[in-house]
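Quick notes on the structure that follows.
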Amino acid sequence: MATAEISSTSLSSDLLYDILRRLDGPSLAKAACTCADFSSISKEEVLWENACHSLWPSTHRDDVRSLISSIGGFRRFYADCFPLIVSEGIPAVQADGNLPYPDEWTEHDYYGDIDENESIMPSDFISIVDVRYKEKTIYSKVLWGITDSDGYNGWFHHCPFRIDLLSYSDGSDDEDNDILLSVDDGLPPITSVERERKDGKLWRDLHEGIMLSWIIVNSRLKQAANLASWSPLGGQRHWPADRNFLLRFGSILPAKDILPCQVAECIIVMKFSIVNTGNGEGGMATALRLTELSMQLEDMAGAHVNGRNSLLVLKEALSCRRSRNYSQVLEYCHLYLKAQNEFKEEKIRNESWFDRLYIISSIAVVAAFCFCYIF
């Protein structure tokens with residue numbers, strides 16, 4: 001109450017505006033709830049534009065600013081893309097082996113005609129990607145449409161869906177192969193790869209300091225959503241080689257009436273490779289080069305989702321529930337991984353049972369043949 005009285009009686013509108021423009025998005029939203037004056041001024045589009053610029057450097061681009069204005073403005077864009085997707089429809093694995101793939105789903109359900117969905121075009125989807133390391137932007141990319149989709153009825157709709165950003169160039173970015181993280185960016189120095197394998201200091205620092213935002217915008221539906229998880233959900237050190245690090249981001253997306261398992265996993269992979277940059281103080285100076293940044297969708301069985309169904313899943317994700325509670329997002333991701341592991345274990349048990357049945361049947365046939373041959 002004291003804050004409300006001071007703001008409404010003692011401070012001018014210009015001073016209130018100057019206070020609010022210094023806040024980030026979450027703080028701005030909280031300030032809007034404190035009093036009527038803050039609530040009124042916080043609706044100013046310029047304030048949310050500044051908040052978007054500080055969080056997503058890609059929004060500085062003129063073409064992106066025009067895109068955001070066309071889908072409802074920066075305030076709506078922030079409200080749609082700052083919270084993360086939460087999918088509550090994670091199927092439970094049944095003990096009787098009827099896993100989330102019902103018998104009535106046929107090959108036509110995966111690769112059938114899509115005339116009824118002609119409004120969903122690959123060219124309607126725009127990717128806005130920003131990578132930050134310790135609050136410093138190291139990579140930004142805007143990809144208009146899905147490159148190499150090759151027409152609406154082309155191979156794209158029947159092949160595994162994948163977007164690999166480092167293989168595309170829009171003519172406005174620096175050379176992709178030169179995206180480096182060095183000691184100057186806050187990366188801890190290492191003297192050798194062998195030592196890093198033992199203490200893992202570089203890996204921990206990278207895992208804790210890296211942040212990723214991958215926003216998908218549908219220009220026709222005027223909707224947007226952040227498919228990344230901000231922080232890594234997992235990763236592997238020294239894979240596939242000693243000098244490589246793999247970080248995995250993503251989210252669980254609803255796929256009701258699209259895939260038999262009713263959900264899909266959006267997997268965003270970021271790979272770094274250790275490179276030598278010369279001699280530094282106290283030993284060999286090192287840097288990390290970004291070598292891969294890709295996105296793909298997988299179903300519960302770990303199979304890649306084709307282009308047709310991926311467009312439908314992305315469209316569904318644009319209107320699903322979001323949450324600012326990162327712990328809740330992680331909880332649903334862990335539930336999905338648990339259900340997926342149970343699914344794979346049940347599948348292995350079923351396959352093992354069929355293998356044993358096949359072996360017993362083969363032995364019985366051989367035994368019967370030998371019996372008839374002898375007698």
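Expressed to the nearest 0.5 Å, how far CG of Leu293 lies from CG of Leu212 amounts to 6.0 Å. In this structure, CD in Glu316 is found 9.0 Å from NZ in Lys256, a value given to the nearest 0.5 Å. Here Ser127 contributes atom OG and Ile163 contributes atom CD1; the two are 4.5 Å apart, rounded to the nearest 0.5 Å. Rounded to the nearest 0.5 Å, atoms CD1 (Ile268) and SG (Cys266) are 4.5 Å apart. If you take CD1 on Ile120 and NE2 on His157, they are separated by 10.0 Å, rounding to the nearest 0.5 Å. Taken from NZ in Lys30 to OG1 in Thr34, the straight-line distance is 12.0 Å, to the nearest 0.5 Å.
Under a hydrophobic clustering in which Ile, Leu, Val, Met, Phe, Trp and Tyr are joined whenever their side-chain heavy atoms come within less than 4.5 Å, directly or via other members, Ile267 and Leu311 fall into different clusters. Cluster membership for Leu246 and Leu290, using ILVMFWY side-chain heavy atoms within less than 4.5 angstrom, is not shared. In this structure, Trp239 is not a member of the same hydrophobic cluster as Leu202, with clusters built from ILVMFWY side-chain heavy atoms closer than 4.5 Å. Under the 4.5 Å side-chain contact rule for hydrophobic residues, Met211 and Leu330 share a cluster.
Using a 4.0 Å cut-off between a side-chain N of Lys or Arg and a carboxylate O of Asp or Glu, Arg61 and Asp63 qualify as a salt bridge. With salt bridges taken as basic N to acidic carboxylate O contacts below 4.0 Å, none links Arg132 and Asp130. A salt bridge between Glu44 and Arg21 is absent, with no side-chain N of the basic residue lying under 4.0 Å from a carboxylate O of the acidic one. Salt bridge absent: Asp185 and Lys134 never bring a charged side-chain N and a carboxylate O closer than 4.0 Å. Arg195 has a carboxylate O that lies under 4.0 Å from a charged side-chain N of Asp199, or vice versa, which qualifies the two as a salt bridge. Ion pairing of Glu265 with Arg248 is present here, as a side-chain N (NZ or NE/NH1/NH2) and a carboxylate O approach within less than 4.0 Å.
Remark: the backbone N or O of Pro260 is paired with a side-chain donor or acceptor of Gln262 at under 3.5 angstrom. Without hydrogens or angle criteria, Ser70 side chain to Leu67 main chain gives a donor-acceptor distance under 3.5 Å. Side chain of Ser27 to main chain of Asp24: no donor-acceptor pair is present (N/O by atom type, distance under 3.5 Å, no hydrogens or angles). Not a single donor-acceptor pair under 3.5 Å links the side chain of Arg308 to the backbone N or O of His158. A distance-only check finds a donor-acceptor pair linking the side chain of Ser69 to the backbone of Arg65 [under 3.5 Å]. Checked by atom type and distance alone, the side chain of Arg75 never pairs as donor or acceptor with a backbone atom of Lys43 at under 3.5 Å. Judged purely by atom type and a 3.5 angstrom limit, Ser40 has no side-chain atom pairing as donor or acceptor with the backbone of Ala36. Between the side chain of Tyr326 and the backbone N or O of Ser229, at least one donor-acceptor pair lies under 3.5 Å. A donor-acceptor pair under 3.5 Å links the side-chain atoms of Ser323 to the main chain of Asn325, judged by distance alone.
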Review point. Should Tyr17 and Leu47 be marked as a side chain to side chain contact (heavy atoms under 4.5 Å, CB included) after you check the CA-CA gap, both sets of side-chain angles, and the distance that decides it?
Key: CA-CA 9 Å; Tyr17 179 87; Leu47 296 175; 3.8 Å; yes
Practice item. Walk me through it: do Asp205 and Lys201 pass the test side chain to side chain contact (heavy atoms under 4.5 Å, CB included)? Key: CA-CA 6 Å; Asp205 194 87; Lys201 183 178 180 181; 5.6 Å; no
Practice item. Test side chain to side chain contact (heavy atoms under 4.5 Å, CB included) on Asn306 and Leu297 and set out the steps. Key: CA-CA 8 Å; Asn306 62 34; Leu297 302 185; over 6 Å; no
Exercise for review: Might you work through the side chain to side chain contact (heavy atoms under 4.5 Å, CB included) test for Gln223 and Ser319, ending with a clear yes or no?
Suggested key: CA-CA 8 Å; Gln223 293 177 317; Ser319 56; 3.9 Å; yes
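For Trp56 and Tyr78, the distance between ring centers is under 6.0 angstrom. The aromatic ring centroids of Phe245 and His207 lie 6.0 Å or more from each other.
Smallest separation of non-hydrogen atoms from Asp80 and Ala224: CB-O, 3.5 Å. Cys52 approaches Thr59 most closely through the heavy-atom pair O-OG1, 3.3 Å. Taking all atoms of both residues into account, the shortest heavy-atom contact from Ala225 to Cys81 is N-SG, 4.1 Å. What you find for Glu298 and Tyr336 is that their closest heavy atoms are O-OH, 4.1 Å. Contact between Trp203 and Glu196 at its shortest, heavy atoms only, is N-OE2, 3.1 Å. Here the closest heavy-atom approach between residue Ser294 and residue Asp164 is recorded as CB-CA, 4.1 Å.
For the pair Ile126 and Ile216, the minimum side-chain heavy-atom distance is 4.5 Å or more. Trp48 is not listed as a side-chain neighbour of His53, based on a closest heavy-atom distance of 4.5 Å or more. At a threshold of 4.5 Å between non-hydrogen side-chain atoms, the residues Val129 and Leu143 do not count as touching. Val217 places a side-chain heavy atom less than 4.5 Å from the side chain of Ile215. Ile252 has its side chain out of reach of Ile85: every pair of non-hydrogen atoms, C-beta onward, lies at least 4.5 Å apart. When side chains are defined from C-beta on, Leu55 counts as touching Phe82, because their heavy atoms get closer than 4.5 Å. Trp214 places a side-chain heavy atom less than 4.5 Å from the side chain of Met295. For the pair Leu221 and Asp124, the minimum side-chain heavy-atom distance is 4.5 Å or more.
Residues satisfying the side-chain hydrogen bond (donor to acceptor under 3.5 Å, both in side chains) test with Arg322, not counting sequence neighbours, are none. Lys222 is linked by a salt bridge (Lys or Arg N to Asp or Glu O under 4.0 Å) to nothing, counting only residues two or more places apart in sequence or in another chain.
Tested against Phe249, the residues Leu227, Leu233, Val269, Ile210 include a single side chain to side chain contact (heavy atoms under 4.5 Å, CB included) partner, Ile210.
Remark: the Trp230 side chain and the Ser213 side chain contain no N/O donor-acceptor pair separated by less than 3.5 Å.
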